[in-house]
Amino acid sequence: MTKRQKLIEIFDKLLERFGPQEWWPADSAFEVAIGAILTQNTSWQNVERAIANLKKARRLSFNGLSRLKEKELARLIRPAGYYNIKAGRIRNFLRFLEENYRGSLGRMRSKDTGTLRKELLSVNGIGPETADSILLYALEKPVFVVDAYTRRIFSRHRLAGPKADYEALQRLFMANLTRQPALFNEYHALLVKLGKDYCKKTKAACGICPIYEKK
DNA sequence: CACCAGGCAAGTA
DNA sequence: TACTTGCATGGT
């Protein structure tokens with residue numbers, strides 16, 4: 001069994017068990033990018049409240065957010081937690097868009113993925129997962145998103161070392177699967193679904209995990 | 001009450 | 001390089 005076959009087998013089991021996840025839940029690419037920052041170490045449910053506040057205030061756009069004072073932005077995204085930190089990070093991202101793409105996320109699409117990733121990582125507040133989430137889910141670039149669930153699931157199934165870093169885990173997927181945005185999209189979303197339902201930090205339900213196998 | 005959630009940066013050794 | 005800590009709300 002090659003790594004590729006193993007990765008595809010897991011994907012097929014997850015898809016059969018959970019069905020398509022329909023990621024990323026958002027009305028625009030811009031909303032995806034803002035959501036990616038808001039969901040850093042935060043439950044999606046809390047992010048939804050923050051997004052709802054921004055929509056209700058009609059501020060969920062580059063111009064809308066740009067005209068907000070940092071304190072006011074922080075107030076609106078309060079439910080997402082770390083609101084002072086995240087308000088600053090969102091403003092860093094807005095300034096990045098303003099200075100490099102005249103405020104248009106869509107204008108990023110024409111550049112190559114590697115360059116875009118470095119640019120995003122240069123923004124204070126955007127790390128590997130946030131950058132890759134924007135690349136894959138907002139710009140549809142073929143980049144695999146790794147998160148805490150991915151690391152936990154693959155470590156517990158002994159498919160990766162417990163101390164495998166982000167890039168190593170990402171390479172496992174990207175070097176062994178065809179680089180299709182749609183496949184990476186669904187795979188990551190399914191791993192999050194599995195993590196939420198069966199692979200929590202302490203309460204692991206490995207015995208009934210859909211990809212569990214007896215030795 | 002404790003623990004967790006779709007991280008990241010800054011500080012320390 | 002490899003830890004450790006602060007950031008914070010809302011659900012279980």
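Below, chain A is the first sequence line, B the second, and so on; all start at residue 1.
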Quiz prompt | Under-4.0 Å side-chain N/O to phosphate OP1/OP2 contact, A:Thr202 with B:dC4 | solution = yes
Quiz item: Residues in ring pair (Phe, Tyr, Trp, His ring centres under 6.0 Å) with A:Tyr198, at least two apart?
Solution: none
Under 3.5 Å, N/O pairs linking protein and nucleotides 2-5 of chain C:
none

Quiz item: Can a side chain N or O of A:Arg49 be found less than 4.0 Å away from OP1 or OP2 on C:dG11?
Solution: yes
Practice problem: Sticking with atom C1', work out how far B:dA5 lies from C:dA8, rounded to a whole angstrom. | Solution: 12 Å
Quiz item: Of A:Asn41 and A:Gln45, whose closest DNA chain C nucleotide lies nearer the 5' terminus?
Solution: A:Asn41
Practice problem: Rounded to the nearest angstrom, tell me the gap between atom OH in A:Tyr166 and atom P in B:dA9. | Solution: 13 Å
Quiz item: Can you list, by residue number, the residues of residues 75-86 of chain A that have a non-hydrogen atom closer than 4.0 angstrom to DNA chain C?
Solution: A:Arg78, A:Pro79, A:Gly81, A:Tyr82, A:Tyr83, A:Asn84, A:Ile85
Exercise. Could you list all the salt bridge (charged side-chain N to carboxylate O under 4.0 Å, His left out) pairs where at least one residue sits in residues 160-180 of chain A, not counting sequence neighbours?
Key: A:Arg117-A:Glu167
Self-check item: Which residues share a side-chain contact (heavy atoms from CB on, under 4.5 Å) with A:Asn84, sequence neighbours left out
Solution: A:Ala74
Quiz item: Does A:Arg75 have any side-chain contact (heavy atoms from CB on, under 4.5 Å) partners at least two apart in sequence or in another chain, and if so, which?
Solution: A:Glu72
Quiz item: Which residues in residues 6-38 of chain A have at least one heavy atom lying under 4.0 Å from any atom of DNA chain B?
Solution: A:Trp23, A:Trp24
Practice problem: Kindly say if A:Thr130 contacts the phosphate of B:dC8, meaning a side-chain N or O under 4.0 Å from OP1 or OP2. | Solution: yes
Self-check item: Hydrophobic cluster (4.5 angstrom, side-chain heavy atoms) - remaining members for A:Tyr82
Solution: A:Ile85
Quiz item: Reckon A:Val146 touches a base, only the sugar-phosphate, or nothing at all at heavy-atom distances under 4.0 Å?
Solution: nothing
Quiz prompt | Out of C:dA8, C:dT9, B:dC8, whichever nucleotide has its closest atom nearest the side chain of A:Asn46 | solution = C:dT9
Exercise. Using the C1' atom as the reference point in each nucleotide, state the distance between B:dC1 and C:dG11 in Å, no decimals.
Key: 15 Å
Under 3.5 Å, which N/O atoms of the protein pair with N/O atoms of nucleotides 10-13 of chain B?
| residue | atom | partner | partner atom | Å |
| --- | --- | --- | --- | --- |
| B:dA10 | OP1 | A:Asn124 | ND2 | 3.0 |

Quiz item: Who are the side-chain contact (heavy atoms from CB on, under 4.5 Å) partners of A:Arg152, not counting sequence neighbours?
Solution: A:Ala148, A:Tyr149, A:Arg156, A:Cys199, A:Lys201
Quiz item: Any side-chain donor-acceptor pair under 3.5 Å between A:Gln170 and A:Asp132?
Solution: yes
Quiz item: With centres under 5.5 Å and planes under 30° as the test, does A:Trp44 stack with B:dG6?
Solution: yes
Quiz prompt | Heavy-atom side-chain contact between A:Phe62 and A:Glu98 under 4.5 Å | solution = yes
Exercise. Please check if the distance between the ring centroids of A:Tyr187 and A:Phe144 is under 6.0 Å.
Key: yes
Practice problem: Measure the spacing between NZ of A:Lys56 and CG of A:Leu76 and express it to the nearest 0.5 Å. | Solution: 11.0 Å
Side-chain donor-acceptor pairs under 3.5 Å in residues 44-52 of chain A, sequence neighbours left out?
| residue | atom | partner | partner atom | Å |
| --- | --- | --- | --- | --- |
| A:Trp44 | NE1 | A:Glu48 | OE2 | 3.4 |

Quiz item: Where along residues 183-193 of chain A does a heavy atom fall under 4.0 Å from DNA chain B?
Solution: A:Val192
